Amino acid sequence: MFNQITVRALSMALAASFSLPLLAQQAEPAESKAPVRHYLIGAALSSGQNHVGSDGRELGLQPILGFWAGRYRLSTGRASSLWNVGRETVVDPGLSTTLLSHSDWSLGASLNWDSGRKSGDDPLLAGVPDLHSTLRGKLSVGYAFAPRWSLGLSSSHDLLGRDGGGRYSASLGYRQPLSERSYWDASFAANWGNRDYMRSHYGIPASGQRAAYQLDGGIEGVSLGLGYTTAINHNWVSYAGLSLSRLLGDAGSSPVVGSRQVWGASVGVAYRY
């Protein structure tokens, strides 16, 4: 019942971004002063590992892509935070829009394709079903309670009913400007999942191939992030970041978890127009 209400709320929020222009005029969207269209393209070198599966670190080059048309953005990964260095607008990856923005708070909605997970030959995932790819819808609320501090709440749900479940997040962020073109920022986040999310990501079904591991909804883990971002000039922007995350509770005790605590690092450069 709760999942049905949440999905309906997400659908209504996305529909509102198209059908309520008068409301949008009363609460002016954050990007109303931005160009009608612009894009961002770049690449990032990243090193990281996953909590789930064998404990292996991957080093790779990843694209940074984004396109902005009016109030709507389509972006991948880090592009969502590089649109406007030093400004307030921060959006989620995927297809997103700011529904309302007024004074120090904002409400946003986004759609993002979750590619799922393949068990493959990973010994820790033996006997565990693949995670099906699905479309996730997300509602986010942000509140800047001080000049350099912000709070965020978000709710993300599987919209296609593929056992992806719901994931919820609360975050605290701090941004320290170094100049008009650069800043460093730090963030702390805590994540929770409902029963469907926790069981599909960290559980083992009673299939007979190995001992079952069933979870209920609860806390998933916490994460810390530290980053530096600078605009090299009007068109070019670069960044560097470090992250640390740790699984807690039943998620961290799951037999499919290779490492409860993981860290990552990335550096990238992008051109924006």
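All residue numbers refer to positions in the sequence shown, counting from 1. All values reported here derive from a predicted model rather than from experimental measurement.
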| request: Output yes when a side-chain donor or acceptor of Ser254 lies under 3.5 Å from a complementary backbone atom of Asp250, and no otherwise. | output: no
| said: Could you measure the distance from the CD1 atom of Ile41 to the OG1 atom of Thr76? Nearest 0.5 Å is fine. | reply: 9.5 Å
| field | Arg167, Arg136, Lys138 screened by side chain to side chain donor-acceptor pair (under 3.5 Å) with Ser156, the one that passes | value | Arg136
| request: Consider only side-chain N and O atoms of Ser245 and His51, and report whether a donor and an acceptor are under 3.5 Å apart. | output: yes
| field | Donor-acceptor pair, side chain of Ser47 and main chain of Gly264, under 3.5 angstrom | value | no
| query | Does NZ or CZ of Arg175 lie under 6.0 Å from the centre of the six-membered ring of Tyr183, at an angle within 45° of the ring axis? | reply | yes
| said: Ring of Trp263, cation from Arg246 - is the NZ or CZ under 6.0 Å from the centre and inside 45° of the axis? | reply: no
| message | Would you call the rings of Trp236 and Tyr271 parallel, tilted or perpendicular, taking 30° and 60° as the class edges? | response | perpendicular
| remark: Distance col, row Asp158:CG vs His132:NE2, nearest 0.5 angstrom, shows 10.0 Å
| Side-chain donor or acceptor of Arg210 paired with backbone N/O of Ile204 under 3.5 Å | no
| ILVMFWY cluster, Tyr239 and Leu40 together (side-chain gap under 4.5 Å) | yes
| How long is the span from the OG atom in Ser75 to the CH2 atom in Trp68, to the nearest 0.5 Å? | 9.5 Å
| Working for side chain to side chain contact (heavy atoms under 4.5 Å, CB included), residues Val128 and Arg117 | CA-CA 10 Å; Val128 177; Arg117 182 184 69 208; 3.9 Å; yes
| message | Rounded at 0.5 Å granularity, tell me how far CG in Asn191 sits from CD1 in Ile219. | response | 8.0 Å
| message | Between Ser259 (side chain only) and Gln261 (backbone N and O only), is there a donor and an acceptor less than 3.5 Å apart? | response | yes
| remark: Rounding to 0.5 Å, atoms CG (Leu131) and OG (Ser119) come to a distance of 7.5 Å
| request: Measure up the Tyr174 and Trp184 rings against each other and bin them: parallel (under 30°), tilted (30 to 60°), perpendicular (over 60°). | output: tilted
| task | Report the distance from atom OG of Ser150 to atom CG of Leu172, rounding to the nearest 0.5 Å. | result | 7.0 Å
| Chi angles and distances behind the side chain to side chain donor-acceptor pair (under 3.5 Å) call for Ser101, Thr98 | CA-CA 7 Å; Ser101 178; Thr98 299; over 6 Å; no
| Side-chain heavy-atom pair Arg199, Gln214 within 4.5 angstrom cut-off | yes
| query | Do Tyr273 and His234 have side-chain N/O donor and acceptor atoms under 3.5 Å apart? | reply | no
| task | Output yes when a side-chain donor or acceptor of Thr97 lies under 3.5 Å from a complementary backbone atom of Leu99, and no otherwise. | result | no
| message | Strictly distance-based, threshold 3.5 Å: is any side-chain N or O of Asn194 a donor or acceptor partner for the main-chain N or O of Gly166? | response | yes
| query | Judged by modelled atom types alone, do Thr134 and Asp114 share a side-chain donor-acceptor pair under 3.5 Å? | reply | no
| Ser200 and Asp163: CA distance, side-chain angles, deciding distance, side chain to side chain donor-acceptor pair (under 3.5 Å) verdict | CA-CA 7 Å; Ser200 62; Asp163 300 323; over 6 Å; no
| Tyr39-Phe67 aromatic ring centre distance below 6.0 Å | no
